Amino acid sequence: MPIQLTSQAYCKMLLHAAKYPHCAVNGLLVAEKTKEKKRDSHSEPVLCVDCVPLFHGTLALAPMLEVALTLIDTWCKENNYVIAGYYQANERTKDSRPNQVAEKVAARISENFSEAAIVMVDNSRLTISCFEPIVLIYDHHENKWKSREVTPDCFEDWSEAQKITSALLDGRSYENLIDFDNHLDDLRNDWTNPVINKSVLDLC
Amino acid sequence: MASVSEMYDVGWEEMRDKLRKWREDNCRNSEQIVDVGEELIGEHASKLGDDVWIIYEQVMIAALDCSRDDLALTCLQELRKQFPDSHRVKRLSGMRLEALERYDEASKHYDAILQDDPTNTAARKRKISILKAQGKSTEAIRELNEYLEHYGKAAFCLEELMMTNPHNHLYCEQYAEVKYTQGGLENLELSRKYFAQALRLNNRNMRALFGLYMSASHIAASPKVSAKVKKDNMKYAAWAAAQINRAYKVS
């Protein structure tokens with residue numbers, strides 16, 4: 001079951017990467033929880049409705065990652081979401097391959113969600129106009145992570161996603177994006193990003 | 001487009017002070033530095049006195065971050081005119097070459113500085129940054145180890161930092177995170193102690209609080225510990241949990 005991205009999920013990922021251009025960034029993708037019985041049609045894509053930006057800079061230290069996964073898991077349960085994927089933008093522009101950190105986190109997510117995917121941001125194609133999707137989606141097949149061709153079908157509505165992301169990047173909305181690191185620096189910072197979510201809704 | 005001084009209703013002194021604060025805090029908010037700095041040096045350079053040179057340096061580096069080669073070059077040229085033989089300015093020229101991805105030229109630039117002054121750590125660090133940017137991690141690590149030849153690995157470095165900066169709760173906390181990540185009961189216990197120490201130095205460090213909770217919980221859950229250690233760690237974890245809940249309530 002391939003994953004699909006909503007405009008909100010896509011634009012928050014890119015805003016996170018844009019906020020910290022000199023750092024690696026990562027985060028989690030969440031999908032709405034569907035009843036177990038519905039999942040026999042394997043052609044139904046999993047819609048990732050939102051993402052939670054996690055860290056910037058050092059991605060690989062264990063304790064805060066565990067804390068984040070625990071807190072976000074609780075939030076998911078309260079909102080009938082499930083953690084369905086992981087995204088990462090590497091530090092270097094030309095490097096968009098998933099590394100050990102990505103594979104480890106994704107493996108953890110797969111324990112609770114078998115079709116977990118890794119979404120890597122292709123930094124070299126990040127522009128304000130966003131005229132093409134710049135993510136690479138990796139699925140787990142036969143013990144390896146393989147990338148899938150990304151088309152507008154990987155989005156709930158590509159032209160809407162493109163329009164919104166471009167507008168928010170242009171307006172420097174990334175300055176207000178909150179990730180889990182920001183939350184740890186000051187608990188009042190809300191990693192669910194209600195302000196940005198509202199901006200997205202207003203632009204729909 | 002409105003100027004910074006118009007948009008935020010600030011005078012040149014406030015802009016200069018903001019730049020100084022960002023320098024002192026080592027912030028990498030390059031877009032803001034470019035916005036404020038470009039206007040400051042464009043319209044108020046004569047009022048800045050000797051500060052103008054360090055501001056040129058700060059704005060130049062921020063300009064490189066924002067792909068503003070025009071601005072970077074302007075700053076660099078002013079600095080070259082004022083300090084024609086300076087190694088510090090040569091390093092900035094090298095950084096510009098790095099930004100333009102002319103890595104071989106940049107490397108030669110730093111080699112020239114090092115020939116003249118082998119102890120120039122700034123040039124040495126730039127050379128390592130080039131290797132990192134090119135994805136040559138193994139070589140970067142090798143050079144870094146040579147540079148840190150008295151040190152060794154991340155944990156050891158942080159140990160040195162902690163010794164020379166005993167009041168810095170951030171080094172303490174990061175050391176605890178490294179130990180936790182290394183894993184194993186002994187490292188977990190060490191990490192708990194350092195999280196606790198970081199908290200003593202700054203009782204509002206949330207990472208230290210969370211870290212204390214996580215490490216104590218894991219130790220208590222380990223089958224290898226004695227009943228007393230288990231009991232003690234459950235107490236630490238419970239205390240940390242209560243503190244975390246309190247912190248969220250007041251936020």
Side-chain angles (χ1 to χ4, degrees), chain A residues 15 18-25 54-72 74-75 90-97 99-101 104-105 123-124 126-128 169-176 178-191, chain B residues 27-32 35 61-62 64-67 99 101 129 131-137 140 154 158 170 173-183 187-188 191-192 194-195 204-218 240-241 243-251:
Chain A
L15 287 174
K19 185 181 182 189
Y20 298 106
H22 56 289
C23 295
V25 299
L54 286 177
F55 305 109
H56 56 270
T58 309
L59 305 183
L61 287 176
M64 300 309 132
L65 181 57
E66 280 186 46
V67 172
L69 286 171
T70 310
L71 287 180
I72 292 165
T74 307
W75 173 75
N90 288 329
E91 189 179 358
R92 291 188 305 117
T93 327
K94 297 189 182 148
D95 176 16
S96 49
R97 302 219 47 227
N99 59 7
Q100 261 200 352
V101 179
K104 274 216 165 113
V105 182
N123 299 317
S124 63
L126 180 54
T127 63
I128 290 191
L169 281 173
D170 195 45
R172 294 213 210 165
S173 287
Y174 45 82
E175 286 170 5
N176 302 317
I178 304 289
D179 65 11
F180 203 79
D181 260 332
N182 302 137
H183 175 72
L184 289 173
D185 288 335
D186 183 338
L187 291 185
R188 291 166 298 182
N189 288 329
D190 188 347
W191 44 263
Chain B
C27 299
R28 195 168 169 174
N29 51 334
S30 302
E31 275 183 306
Q32 287 179 300
D35 283 345
I61 294 176
L64 290 180
D65 243 358
C66 299
S67 271
E101 294 186 271
S129 301
L131 290 171
K132 205 175 161 218
Q134 293 172 310
K136 297 181 180 167
S137 321
L158 281 163
L170 296 171
E173 191 269 314
Q174 231 192 357
Y175 180 73
E177 285 198 57
V178 171
K179 283 286 149 197
Y180 184 111
T181 312
Q182 283 178 302
N187 284 329
L188 263 182
S191 90
R192 191 207 66 227
Y194 279 96
F195 280 127
R204 288 191 288 166
N205 184 327
M206 279 316 293
R207 288 183 177 80
L209 205 42
F210 273 119
L212 179 57
Y213 173 75
M214 300 294 296
S215 49
S217 302
H218 279 309
Q243 296 303 308
I244 293 172
N245 279 322
R246 226 176 54 162
Y248 271 102
K249 281 212 165 65
V250 302
S251 69

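A note on names: the letters A, B, ... follow the listed sequences, proteins ahead of strands, and every chain is numbered from 1. In this text, all values refer to a predicted model and were calculated from it rather than measured experimentally.
Within the 4.5 Å cutoff, no side-chain heavy atoms of B/M206 are placed close to those of A/H183. Proximity of A/E66 to B/Y180: side-chain heavy atoms (C-beta onward) are separated by under 4.5 Å at one or more points.
A/K94 and B/E101 get closest at one heavy-atom pair: NZ-OE2, 2.7 Å.
A salt bridge links A/D181 with B/R207; the closest basic N to acidic carboxylate O contact falls under 4.0 Å. Note on A/R172 versus B/D35: salt bridge recorded, some NZ/NE/NH1/NH2 to OD/OE distance being below 4.0 Å.
Around CZ of A/R92, the count of heavy atoms belonging to other residues, nucleotides or ligands within 6.0 Å exceeds 12. Within a 6.0 Å sphere centred on CZ of B/F210, other residues, nucleotides and ligands contribute more than 12 heavy atoms.
Note: B/E31 leads B/Q134, B/Q32, B/E31 in heavy-atom pairs under 4.5 Å with chain A. Of the listed residues (A/T70, A/T93, A/D95, A/L184), the one with the most heavy-atom contacts under 4.5 Å to chain B is A/L184. Interface check for chain A: of the options B/A176, B/G211, B/A133, B/S30, the most heavy-atom pairs under 4.5 Å are formed by B/A133.
Counting only distance, with no hydrogens or angles, the side chain of A/R188 and the backbone of B/S251 share no donor-acceptor pair below 3.5 Å.
Neither the backbone nor the side chain of B/Y213 comes within less than 4.5 Å of any heavy atom in chain A. Of the two parts of A/D186, neither the backbone nor the side chain holds a non-hydrogen atom closer than 4.5 Å to a non-hydrogen atom of chain B.
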N/O donor to acceptor pairs below 3.5 angstrom from side-chain atoms of residues 55-65 of chain A, sequence neighbours left out:
| from | atom 1 | to | atom 2 | distance (Å) |
| --- | --- | --- | --- | --- |
| A/H56 | ND1 | A/D179 | OD2 | 2.7 |

